[in-house]
Structure formats: structure tokens, C-alpha cells
Amino acid sequence: MIEFTAFYSIFVFCFIFPPSAFVSAGITISNLFDSWLGSEDLQFVQYHLVRTLTTVVIHSLLPLGFFGGVLLVEGLDQLVLLVQTPLGLGLLCLSALLPVIAVAKVFSWRTNNWSSHPIVVSLTTYATNGRHWKDVASEINTEFRRIDKVTVRTNPISKTVITSSWIIKVEPYAVRVAHQNHVALELENAEEHDYTPDSQTTQYLWVKVEQIQTRQKLFSIRLNAMDYADMQNRLQRSISNVRGLLINQDIHARFSKVFIEEVSLNPVFQTQEEMDSCLGCGVNNANVRLVRRCLPTEATNGCTPCFCRPMWCIHCLSKWFSARQDAEHPETWLSSRCPCPTCRSPFCVLDVSLVENVQNI
């Protein structure tokens with residue numbers, strides 16, 4: 001009896017907070033009910049409507065499953081002895097009541113075309129000017145299908161998705177949605193942990209998402225500091241750091257900042273040509289061009305002229321540049337060369353020019 005209780009407790013904990021072994025084995029609600037839930041990529045909102053209902057019902061059955069397990073593993077006699085105690089009888093009644101409450105809650109959400117479901121309530125906030133919540137859901141579904149979204153996950157049961165217009169926090173029983181134009185973001189806290197395999201410190205950041213007008217807190221996002229730069233690049237507004245928290249970004253993110261600062265000191269390339277979207281991220285417009293300024297010396301042949309039209313933004317070019325440097329010697333990156341991502345002509349930081357459209361002067 002004690003052994004089964006310990007085993008079932010561990011199983012329930014791992015089922016609710018699945019470790020990598022459970023995820024790999026497919027012992028999660030998303031995998032077990034895959035055919036019932038549908039496709040998250042095709043119908044994001046509808047998928048999570050059904051997933052949250054399924055999660056509530058299945059989790060409510062777990063306590064009752066303990067008594068069923070005792071009957072199967074230990075036998076009827078042990079089950080009778082268990083429920084004869086006041087504690088065991090009380091737990092059995094509570095375990096039988098939880099699924100009833102869960103099913104009643106599901107039916108209350110399902111009535112009136114899901115109008116009382118937390119996800120729909122959140123979407124209805126943005127259904128203005130005669131629009132229906134399904135119109136807002138359709139916009140989110142469309143943006144979620146795009147490859148330029150950023151997904152941040154710091155635990156097995158929740159994740160945050162940043163699309164071009166929306167910030168979406170997915171939790172086991174709810175999905176919180178906020179439009180980027182209606183919210184302000186602020187760094188709340190920074191915490192450090194030393195449980196990585198190589199004993200290095202890992203920093204996690206808490207970002208508060210709140211309504212601009214009412215300053216009401218909608219939810220918080222917890223993310224690894226290494227993901228901070230990618231998340232910031234995808235947002236339409238910057239994350240304020242009024243508390244002056246120090247962010248431990250990786251060396252590529254730190255180099256990208258220095259790279260952009262150095263490029264801003266170079267002469268600007270003026271053009272009347274309208275810029276297309278960046279080939280790297282598809283979010284920002286292309287805003288850099290390579291113009292050779294590095295002359296050959298006795299020790300090196302220098303850089304090669306590049307005749308490519310602007311096709312990359314400065315952020316993507318900085319990542320491309322750092323990714324092709326010697327990881328063992330980051331002190332040499334700024335003075336090194338890199339092949340053009342389009343034509344492979346070698347260039348250095350001196351050759352990179354920000355593009356300025358003369359029509360907008």
C-alpha cells in the first residue's frame with residue numbers, strides 16, 4: 001500500500017509537470033489526446049479551447065484514479081480498509097466530487113458559444129467595432145502559423161508566444177492574450193540559479209505585462225536571460241528596466257550590441273530605393289548595405305567589393321557575423337571578417353553602412 005501510494009504520487013506529479021522522459025514517451029495530455037485536440041499550428045485558439053477543457057477534466061480524475069489503482073493493485077480488501085477510515089472516506093468523497101465539479105465547469109464554459117471561457121473572455125476585450133471574438137481568434141491563428149514568431153519556454157507546462165501583434169501566455173488551464181499596442185512591459189525581477197550541468201549560473205527574468213491605460217497587471221513572463229534579446233527584437237515596444245536590473249546575455253547578444261554601435265559610426269548609404277523585408281527575420285526592413293572601405297595591406301588582401309542590394313537588417317547581419325567567428329577567441333571578432341550572407345564576399349565592420357532613404361529626409 002505504501003509502495004503504491006509513493007509510486008502513484010510520483011506518477012501524478014510527473015503527469016502534471018512532465019519531465020523530458022514523459023514528454024519523449026508521449027505521456028502528456030497533448031500527445032495522449034492528439035486526435036481529439038486537433039492541430040495547434042492550424043487552429044491555435046480552438047486547439048487551446050479544447051485542450052484546457054480536457055486538462056481540467058483529466059486532472060480532476062487523478063485523485064479518483066488512486067482508489068481505482070488500489071483496487072487493481074492491492075485488491076478489494078485493502079480498498080475497503082482504506083475507505084473505512086475517516087480520512088480515507090473523506091478523500092474518496094472529495095475525489096468523486098472533483099470530476100463532477102470539473103464537468104459542470106466545462107459545461108458552463110461551453111454554453112453560449114464559449115462566451116464564459118477565460119480565453120474567449122480575453123479575446124472579447126479586443127473584439128471592438130462590431131467584431132466577434134472569432135474574428136480576433138482568426139487573426140491570432142494566422143499570426144501563429146507564421147515562422148517569424150518567437151516561442152519562449154522555461155518549464156514543461158507553460159510557454160509564451162510572441163507574434164507580430166500579440167503576446168500569448170499558454171498555461172495548463174488558461175491562455176492569456178495581450179495585444180502589443182495595448183500593453184506596457186517592465187522587468188520585474190531577475191533570479192540566478194546554479195543547477196546547470198557545467199555549474200554555471202543561469203539567470204531568469206520576470207517581465208510584467210500590464211495595460212497601458214489602467215496599469216492593470218495582466219500576467220508575467222518568466223524567461224531565460226539568453227532568450228531576452230530574441231524576445232525584445234520581436235516586440236513592438238521596448239521592455240522598460242526601471243529597477244536597473246543587470247541582464248546576463250550570451251556573448252553573441254553582447255557582441256550584437258557592440259557591432260551595431262560600431263556600424264552607427266560608419267558613413268550612411270543613401271538611396272531612393274524602397275527597402276524590402278529582411279531575408280533573415282522577415283520582420284524588420286532591410287537597412288544595411290556593404291560598401292568596401294577596408295583597404296588591402298601587406299598582411300592581408302582586405303575585403304572584397306559587394307554589389308548586393310540591401311537585403312538584411314542590422315540585427316540579423318550582426319548575428320550572421322558573430323556566428324561565423326572563432327568561438328574560442330571572441331576578442332578578435334570585431335576586427336575579423338565574414339562572408340556576405342548573399343554573395344559570400346568578405347567584409348568587416350568598417351564596410352557595413354546603415355541605409356537611409358533620401359525620400360524621407
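Only this structure's heavy atoms are used, side chains among them; waters, hydrogens and symmetry mates stay out.
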Margin query: For Arg289, is the CZ atom crowded, meaning more than 12 foreign heavy atoms sit under 6.0 Å from it?
Written below: yes
Next item on the list: State, yes or no, whether a side-chain contact exists between Arg237 and Leu185 at a heavy-atom distance under 4.5 Å.
Entry: yes
Check: Any Lys/Arg nitrogen of Glu40 or Lys159 sitting under 4.0 Å from an Asp/Glu carboxylate oxygen of the other?
Finding: yes
Check: Is there side-chain contact between Arg293 and Pro267, with at least one heavy-atom pair below 4.5 Å?
Finding: yes
Notebook entry, point to check: So, do Met275 and Asn287 sit near enough that their side-chain heavy atoms are less than 4.5 Å apart?
Noted result: no
Next item on the list: Check side chain to side chain contact (heavy atoms under 4.5 Å, CB included) between Pro305 and all other residues, then give those that pass, not counting sequence neighbours.
Entry: Arg292, Phe307
Checklist line | Minimum side-chain heavy-atom gap Val136-His179 below 4.5 Å | finding: no
Item checked: Criterion salt bridge (Lys or Arg N to Asp or Glu O under 4.0 Å) on Asp351 and Arg337, from CA distance to verdict -> CA-CA 10 Å; Asp351 300 331; Arg337 290 180 173 78; over 6 Å; no
Margin query: Angle between ring planes, Trp114 versus His117, binned at 30° and 60°: parallel, tilted or perpendicular?
Written below: perpendicular
Next item on the list: Flag yes if Phe15 and Phe33 sit in one hydrophobic cluster, no otherwise; membership is Ile, Leu, Val, Met, Phe, Trp, Tyr, and two members link when side-chain heavy atoms are under 4.5 Å apart.
Entry: yes
Next item on the list: Flag the pair Ser95 / Phe66 as yes when at least one side-chain heavy-atom distance between them is below 4.5 Å, and no otherwise.
Entry: no
Note to self: Grouping I, L, V, M, F, W and Y whenever their side-chain heavy atoms are under 4.5 Å apart, do Ile101 and Leu53 come out in a common cluster?
What the structure shows: no
Margin query: According to a hydrophobic-cluster definition based on side-chain heavy atoms being under 4.5 Å apart (Ile, Leu, Val, Met, Phe, Trp, Tyr only), do Leu76 and Leu92 belong together?
Written below: yes
Margin query: Name the residue from Asn284, Val355, Val352 that meets the side chain to side chain contact (heavy atoms under 4.5 Å, CB included) definition with Ile314.
Written below: Val352
Notebook entry, point to check: Mind checking whether Val291 and Ile260 sit in one hydrophobic cluster, side chains of I, L, V, M, F, W, Y counted as touching below 4.5 Å?
Noted result: no
Next item on the list: Scan side-chain atoms only and decide if Glu139 and Ser165 contain a donor-acceptor pair under the 3.5 Å cut-off.
Entry: no
Check: Among Val120, Thr54, Leu37, whose side chain to side chain contact (heavy atoms under 4.5 Å, CB included) with Leu49 holds?
Finding: Val120
Note to self: We want to know whether Thr304 and Ser345 form a side-chain donor-acceptor pair, criterion being a heavy-atom distance below 3.5 angstrom.
What the structure shows: no
Margin query: Is a donor from one side chain sitting under 3.5 angstrom from an acceptor on the other, for His182 and Tyr126?
Written below: no
Note to self: Do Ser30 and Arg51 make a side-chain contact, defined as non-hydrogen atoms from C-beta onward lying under 4.5 Å apart?
What the structure shows: yes
Item checked: 4.5 Å side-chain heavy-atom contact, Ser158 and Arg153 -> no
Margin query: Once you measure the plane-to-plane angle for Phe13 and Phe17, does it fall in the parallel (<30°), tilted (30-60°) or perpendicular (>60°) bin?
Written below: tilted
Next item on the list: Look at atom CD of Glu331 and say whether more than 12 heavy atoms of other residues, nucleotides or ligands are closer to it than 6.0 Å.
Entry: yes
Notebook entry, point to check: Out of Glu188, Lys208, Glu210, which residue meets the side-chain hydrogen bond (donor to acceptor under 3.5 Å, both in side chains) rule with Ser220?
Noted result: Glu188
Margin query: Could you check, using the six-membered ring where one of them is a Trp, whether Phe347 and Phe321 have ring centers closer than 6.0 angstrom?
Written below: yes
Note to self: Tell me whether the count of non-hydrogen atoms from other residues, nucleotides or ligands lying under 6.0 Å of CD in Glu261 goes above 12.
What the structure shows: yes
Item checked: Residue among Ile221, Leu187, Asp227 satisfying side chain to side chain contact (heavy atoms under 4.5 Å, CB included) with Leu205 -> Leu187
Check: Are Ile212 and Ile239 co-members of a hydrophobic cluster defined by side-chain heavy atoms under 4.5 Å apart?
Finding: no
Notebook entry, point to check: Looking at side-chain heavy atoms only, is the closest gap between Phe255 and Leu334 below 4.5 Å?
Noted result: yes
